[in-house]
Participant: 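Please find one structure pasted underneath; my questions will follow.
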Amino acid sequence: MLDKKFILEYPDVVQKNCDVRGAKADVHRFVQLETECRLMQQQVEELSRKANVVSKSIGVAKDDAERDQRKEEGRTLREQKEQLQEAIDRLTAEARAIYRSLPNLTHPEAPIGAEDHAREIRRGGPEVRKFSFPVLDHVVLAEQHDLIDFEGGARVAGNGFYFLKNEGALLELALQQFVMQFLVGEGFVPTITPDLARAEILQGIGFIPRGPETQIYSVENFDLNLVATAEITLGGLYSGEVLEMEKLPLKMCGVSHCFRTEAGAAGRASRGLYRVHQFTKVEMFAFTLPEQSEAMHQYFCDLECKIFDGLGIPYRVIDTATGDLGGPAYRKFDLEAWMPGRGKAGEYGEVTSTSNCTDYQARRLNIRYKTRGEKGTHLVHTLNGTAVAISRALIAILENYQQPDGSIIIPEVLRKWVGKERIGATEE
RNA sequence: GGUCGGGUGGCAGAGUGGUCGAAUGCACCGGUCUUGAAAACCGGCGAACCUCCGGGUUCCCUGGGUUCGAAUCCCAGCCCGACCGCCA
């Protein structure tokens, strides 16, 4: 959520921001409602004040007759107040709906426009390989080496679920280990988070738990939802808390399973592991002072690059265009890995993303910090970034490391956890 | 899942119908003292919103209810603790 004061002061800026981000919202209607409510609220407060005065006078009234008269007076005042309050509540409901739909402000350097206006800002990892043999995609490779059982997944849980098997399972654990060790070395607090969370927390982070378009699985008869990312649980960890300034910036990383209904995603390129209902992810999260968030965002982006450098996978980084930013993000960088088996002749596919959400999530979740010697509290900034999304990382590894003899080399950094150098090694 | 006990300011903790937005302690801030620090002493110290800058309204887990008036009473929910049951 945005700062209400800011909206009232600069409605045109906010409206323009909504427009470039493709968010339909009538900011001026909001300002009008808000202004009206404030006037009415003042009247309510005046009635409350009078009623409070009356109530206090009853305790010290000298006789019953006076007491009864005052009681009647108090009753009347509070009735009036309630009627007025009901009118305010109606207007407030409309205002709140607009308010909640407003996206975060946008970084001035973020490219303006729809998805295809994203700007490439960086390339990394090794050169894209020239293959001297027909390239297979990860689905075929996984089939050949019995690494993923999509059929079994479908039998048990439906389309979009799968079993990781053999080196597929070991690779998942290896990727978790590699990334967790790396992040601990960078000063992150390692965590394993709940895979379910309350609706309130989901909403605070910016997810909509129920409704026809929801990406979220919810649990019947409970106020619980399967998380779509550990961003939800890590961000929710300190909801309602006041953090000490000295502890900021606070960097956490968390392993969780991620569940997504992928409603409305039908038809989008989604062969194999690319778009699935469940995967494991290591997520980075940071709580920072406002002046630290920009640098932290660059840092998160650097870490994501280092992880893919370490895995030896070619990638590029893009600065996401305004029209493609989620509501809470102020700016977002996506890291796209080269997937040789994707599309006709290989394509880049998104494997990680990092967002600076400034105070947007913190305001909803009420996460603040206190400055020593200063009155009051301030909202922290929150950032998130994928360290590794296992399913998509697997695609990149299998497809980039396939060999002419059909085997798949295991990236060096993962070997100590997988326990071998190669999947399907040919007999020598 | 059951029974009992709890949920109050950054923390601890008092407060069972009206002068309570809330004692006290710790922490924190300012000052005195000191070469400096500590100790001691003095003072300050919750938040949001509105304001004609006098002040006002709201907030004691959440949501309802009783009452002229609720931190305090009633109902429901959530959470925490103890014990019991069940279980990886």
Side-chain angles (χ1 to χ4, degrees), chain A residues 1-9 30-93 95-96 99-100 192-204 209-210 218-225 232-233 236-248 250 257 287 289 359-360 362-380:
Chain A
M1 295 190 288
L2 295 176
D3 182 1
K4 269 189 191 167
K5 263 189 206 151
F6 184 87
I7 304 171
L8 293 176
E9 209 166 328
F30 174 78
V31 171
Q32 184 195 337
L33 287 165
E34 195 67 16
T35 312
E36 215 170 305
C37 283
R38 290 212 169 170
L39 284 173
M40 290 165 82
Q41 192 60 45
Q42 283 177 37
Q43 294 170 37
V44 165
E45 286 180 8
E46 178 59 18
L47 287 168
S48 282
R49 191 189 59 78
K50 284 183 183 159
N52 287 344
V53 169
V54 170
S55 289
K56 281 190 179 154
S57 75
I58 291 171
V60 294
K62 45 188 181 307
D63 56 56
D64 282 353
E66 186 186 339
R67 243 188 293 278
D68 287 343
Q69 195 216 325
R70 289 283 161 81
K71 282 187 185 181
E72 188 49 39
E73 209 178 318
R75 243 191 299 267
T76 311
L77 282 166
R78 291 195 196 261
E79 268 167 30
Q80 289 173 11
K81 187 195 98 173
E82 251 165 66
Q83 280 178 16
L84 193 54
Q85 187 61 51
E86 274 173 34
I88 293 178
D89 290 346
R90 277 193 296 276
L91 296 181
T92 306
R96 188 167 36 224
Y99 184 48
R100 292 191 67 91
I192 295 175
T193 86
D195 285 342
L196 287 86
R198 294 174 201 290
E200 179 197 339
I201 301 292
L202 287 264
Q203 282 157 359
R210 302 204 188 221
S218 49
V219 180
E220 198 178 3
N221 298 331
F222 293 86
D223 177 34
L224 285 173
N225 308 271
I232 292 167
T233 43
L237 179 59
Y238 293 119
S239 63
E241 298 281 303
V242 178
L243 303 172
E244 279 172 46
M245 185 187 177
E246 291 74 24
K247 294 201 175 133
L248 301 178
L250 176 60
H257 292 115
F287 302 91
L289 299 176
D359 61 8
Y360 191 88
R363 185 170 289 110
R364 284 196 184 186
L365 290 167
N366 193 23
I367 309 174
R368 295 162 295 153
Y369 69 92
K370 202 178 170 65
T371 308
R372 271 177 196 282
E374 212 180 276
K375 218 170 127 63
T377 55
H378 309 276
L379 294 166
V380 300

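Here is the naming used below: chain letters follow the sequence lines, and residue numbers restart at 1 for every chain.
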Participant: What is the distance, to the nearest angstrom, from the CD1 atom on A:Ile58 to the P atom on B:rA70?
Facilitator: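 Distance, rounded to whole Å: 11 Å.
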Participant: If you measure from the C1' atom in B:rA40 to the same atom in B:rG5, how many Å do you get, rounded?
Facilitator: 41 Å
Participant: I'd like the C1' distance from B:rG85 over to B:rG1, given in whole Å.
Facilitator: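 Between the two C1' atoms, the distance is 8 Å.
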Participant: Quick check on RNA chain B: between A:Lys5 and A:Val44, whose nearest nucleotide comes earlier from the 5' end?
Facilitator: A:Lys5
Participant: P atom, B:rA70 versus B:rG18: distance in rounded Å?
Facilitator: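 Their P atoms lie roughly 11 Å apart.
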Participant: Round to a whole Å and report the spacing from CG of A:Asp223 to C1' of B:rC79.
Facilitator: 13 Å
Participant: What interatomic distance, in whole Å, is found between P of B:rA37 and the corresponding atom of B:rC49?
Facilitator: 37 Å
Participant: Please name the nucleotide paired to B:rG43 by Watson-Crick or G-U wobble geometry with both distances under 3.5 Å, or report none.
Facilitator: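 By the stated definition (distances under 3.5 Å), B:rC29 pairs with B:rG43.
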Participant: Is there a side-chain contact (heavy atoms from CB on, under 4.5 Å) between A:Glu73 and A:Lys50? Walk through the geometry before answering.
Facilitator: CA-CA 10 Å; A:Glu73 209 178 318; A:Lys50 284 183 183 159; over 6 Å; no
Participant: Any side-chain donor-acceptor pair under 3.5 Å between A:Ser55 and A:Arg78?
Facilitator: yes
Participant: When you compare B:rU24 with B:rG13, how far apart are their C1' atoms, in angstrom units rounded to a whole number?
Facilitator: 8 Å
Participant: OP1 or OP2 of B:rG69 sitting under 4.0 Å from any side-chain N/O of A:Arg78?
Facilitator: yes
Participant: Does the structure show a Watson-Crick or G-U wobble partner for B:rG81, both distances under 3.5 Å? Name it, or say none.
Facilitator: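 With both distances under 3.5 Å, B:rG81 matches B:rC4.
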Participant: Roughly how far apart are A:His378 NE2 and A:Leu289 CG, rounded to 0.5 Å?
Facilitator: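 It comes to 9.5 Å.
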Participant: In the structure shown, which nucleotide is the Watson-Crick or G-U wobble counterpart of B:rG69, with both distances under 3.5 Å?
Facilitator: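 In the structure as shown, B:rG69 has no Watson-Crick or wobble partner.
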Participant: Run the numbers on A:Tyr99 and A:Ile7 for side-chain contact (heavy atoms from CB on, under 4.5 Å), then give the verdict.
Facilitator: CA-CA 9 Å; A:Tyr99 184 48; A:Ile7 304 171; 3.6 Å; yes
Participant: Considering non-hydrogen atoms only, spot the tightest contact between A:Thr233 and A:Pro194 and give its length.
Facilitator: CG2-O, 3.3 Å
Participant: Quick check for you: among B:rG18, B:rG69, B:rU51, whose closest atom lies nearest to any side-chain atom of A:Gln42?
Facilitator: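 Nearest to the side chain of A:Gln42 among the choices is B:rU51.
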Participant: Could you measure between the two C1' atoms, the one in B:rG65 and the one in B:rA14, and give it in whole Å?
Facilitator: 28 Å
Participant: Expressed as a whole number of Å, how far does the P atom of B:rG6 sit from that of B:rC61?
Facilitator: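 Taking atom P in both B:rG6 and B:rC61, they lie 14 Å apart.
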Participant: Please tabulate, one pair per line, all N/O donor-acceptor pairs under 3.5 Å involving side-chain atoms of residues 32-45 of chain A, not counting sequence neighbours.
Facilitator:
unit_1, atom_1, unit_2, atom_2, d
A:Thr35, OG1, A:Val31, O, 2.5

Participant: Give the rounded distance in Å between these two atoms: CG of A:Leu77 and P of B:rU57.
Facilitator: 13 Å
Participant: Using OP1 and OP2 only, check whether a side-chain N or O of A:Ser48 sits under 4.0 Å from B:rG56.
Facilitator: no
Participant: In whole angstrom, what separates A:Gln85's CD from B:rC49's C1'?
Facilitator: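 Spelled out: CD on A:Gln85 to C1' on B:rC49 is 13 Å.
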Participant: Rounding to an integer number of Å, can you tell me how far A:Glu82 CD sits from B:rU57 C1'?
Facilitator: 16 Å
Participant: Kindly label the base of B:rG81 as syn or anti, based on whether its glycosidic torsion lies within 90° of 0.
Facilitator: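 Glycosidic conformation of B:rG81: anti.
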Participant: Please determine, for B:rG9, whether a Watson-Crick or G-U wobble partner exists with both distances under 3.5 Å, and give it or none.
Facilitator: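 Partner of B:rG9: none.
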Participant: Roughly how many Å apart are B:rC59 and B:rA22, using the P atom of each and rounding to a whole number?
Facilitator: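 Each nucleotide's P atom is 14 Å from the other's.
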Participant: Can you see if the side chain of A:Arg49 gets near the phosphate of B:rU58 - specifically, an N or O under 4.0 Å from OP1 or OP2?
Facilitator: no
Participant: Tell me: CD of A:Glu73 to C1' of B:rG69, nearest whole Å?
Facilitator: 14 Å
Participant: Scan A:Arg70 against the nucleic acid and name what it touches under 4.0 Å (heavy atoms): base, sugar-phosphate only, or nothing.
Facilitator: nothing
Participant: From the set B:rC78, B:rC49, B:rC68, return the single nucleotide nearest to any side-chain atom of A:Arg198.
Facilitator: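 When the side chain of A:Arg198 is considered, B:rC78 is the closest of B:rC78, B:rC49, B:rC68.
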Participant: If you look at every heavy atom in A:Ser57 and A:Arg70, which pair is closest and at what distance?
Facilitator: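 Heavy atoms of A:Ser57 and A:Arg70 come nearest at OG-NH1, 3.0 Å.
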Participant: Is the distance from OP1 or OP2 of B:rU57 to the nearest side-chain N or O of A:Asn52 less than 4.0 Å?
Facilitator: yes
Participant: How many whole angstroms separate atom CD of A:Glu200 from atom P of B:rC61?
Facilitator: 16 Å
Participant: Quick one: A:Asn366 CG to B:rC49 C1', roughly how many Å, whole number?
Facilitator: 15 Å
